[in-house]
Amino acid sequence: MKNTEIKELSDDFTNPLQQAVDYDFEKHLIYDRQKGWKKIIEWILTILAWLLLASYIIYLIYGSLAIHYNWYLPEFLFFTKEMITTVQWYFYILFIAFLIIVIFLIFWKNYNKQKYGKLHRRKFKPAVTNEELVELFELDQSVIEKMQNERVTVLEQNIIPEHLGMGSARKQEKESQKNDEPKKQRD
């Protein structure tokens, strides 16, 4: 790409290098391939499940009020007074367990705050200054400031010094191995 093309593309921050995507979404999406009778059965079962769940919740709420205020409570199938008292007992146990957990967490929070609250173990490295960048990358101050202020920076050449490059330790190992091999072959 030429510099003028790069400059034009850099105005679009979301996609600085425009690429043509050859991908057909229609091949990978399923469009209404389910048979009609399966959809009807699915809807019927879904509606029945929601009705059963809603009736169970309504019966629990009404039953709890009916037991408390001595109202009439109809019973059918598994909707009985015993079921309501059993569920109320479970809710009571869950409420007690919830209170125990909350109290435990409050004590744990206070213990950690008392024991470790005064400690400040996190240490952060100081921010890198422009002077350090100039020294490390051997660039002018103006170039550093320009790179920091632009949205897109195109580097014509690699500015990372050889000793700081990625894999520099591996490069040095390979070079030392290459230097050692001729010595071994001579021996």
Side-chain angles (χ1 to χ4, degrees), residues 1-36 38-39 42-43 45-47 49-50 53-54 94-95 97-187:
M1 281 188 161
K2 297 178 184 174
N3 287 342
T4 56
E5 292 174 353
I6 292 174
K7 183 66 177 163
E8 290 172 6
L9 294 176
S10 67
D11 294 337
D12 181 16
F13 182 67
T14 57
N15 190 1
L17 301 175
Q18 300 284 334
Q19 297 176 0
V21 178
D22 187 23
Y23 185 77
D24 187 14
F25 287 104
E26 304 296 323
K27 288 181 184 177
H28 300 287
L29 296 177
I30 299 171
Y31 287 105
D32 210 20
R33 293 189 182 166
Q34 191 176 28
K35 302 214 183 280
K38 286 184 179 180
K39 275 191 165 185
E42 177 184 332
W43 275 97
L45 290 176
T46 302
I47 290 169
W50 278 107
L53 183 65
L94 285 173
F95 181 71
F98 174 75
L99 287 178
I100 291 171
I101 290 170
V102 166
I103 290 170
F104 174 75
L105 289 175
I106 289 170
F107 279 118
W108 186 258
K109 175 195 71 99
N110 291 333
Y111 166 76
N112 281 335
K113 187 174 182 180
Q114 189 176 29
K115 185 169 184 181
Y116 303 111
K118 59 185 170 277
L119 300 177
H120 297 287
R121 290 186 254 178
R122 292 184 181 156
K123 294 189 174 144
F124 300 101
K125 291 187 176 184
V128 178
T129 63
N130 285 352
E131 290 77 24
E132 291 174 326
L133 291 174
V134 166
E135 181 183 321
L136 184 64
F137 292 111
E138 300 168 0
L139 295 172
D140 293 335
Q141 181 82 14
S142 61
V143 173
I144 297 287
E145 290 172 4
K146 181 181 173 190
M147 288 170 62
Q148 290 174 343
N149 294 332
E150 290 185 5
R151 290 176 109 186
V152 177
T153 302
V154 178
L155 300 174
E156 300 297 330
Q157 60 185 7
N158 187 1
I159 64 167
I160 301 174
E162 190 70 31
H163 67 281
L164 294 177
M166 288 182 56
S168 60
R170 284 191 226 137
K171 286 181 188 177
Q172 291 173 357
E173 288 177 14
K174 286 182 181 179
E175 289 176 6
S176 65
Q177 288 175 355
K178 286 180 184 177
N179 293 336
D180 291 342
E181 286 178 7
K183 291 178 184 177
K184 290 180 183 177
Q185 291 176 355
R186 284 187 245 155
D187 294 337

Ring-plane angle category for Trp108 and Tyr111, please: parallel below 30°, perpendicular beyond 60°, tilted otherwise. tilted

How many angstroms lie between atom [atom1] of [X] and atom [atom2] of [Y], to the nearest 0.5 angstrom?
X	Y	atom1	atom2	result
Leu99	Leu94	CG	CG	11.0 Å
Leu136	Glu131	CG	CD	13.0 Å
Asn112	Phe107	CG	CZ	13.5 Å

All N/O donor-acceptor pairs, side-chain side in residues 139-150, below 3.5 Å, sequence neighbours left out:
{"residue": "Gln141", "atom": "NE2", "partner": "Glu145", "partner atom": "OE2", "Å": "3.2"}
{"residue": "Gln148", "atom": "NE2", "partner": "Asn130", "partner atom": "OD1", "Å": "3.0"}
{"residue": "Asn149", "atom": "ND2", "partner": "Glu145", "partner atom": "O", "Å": "3.1"}

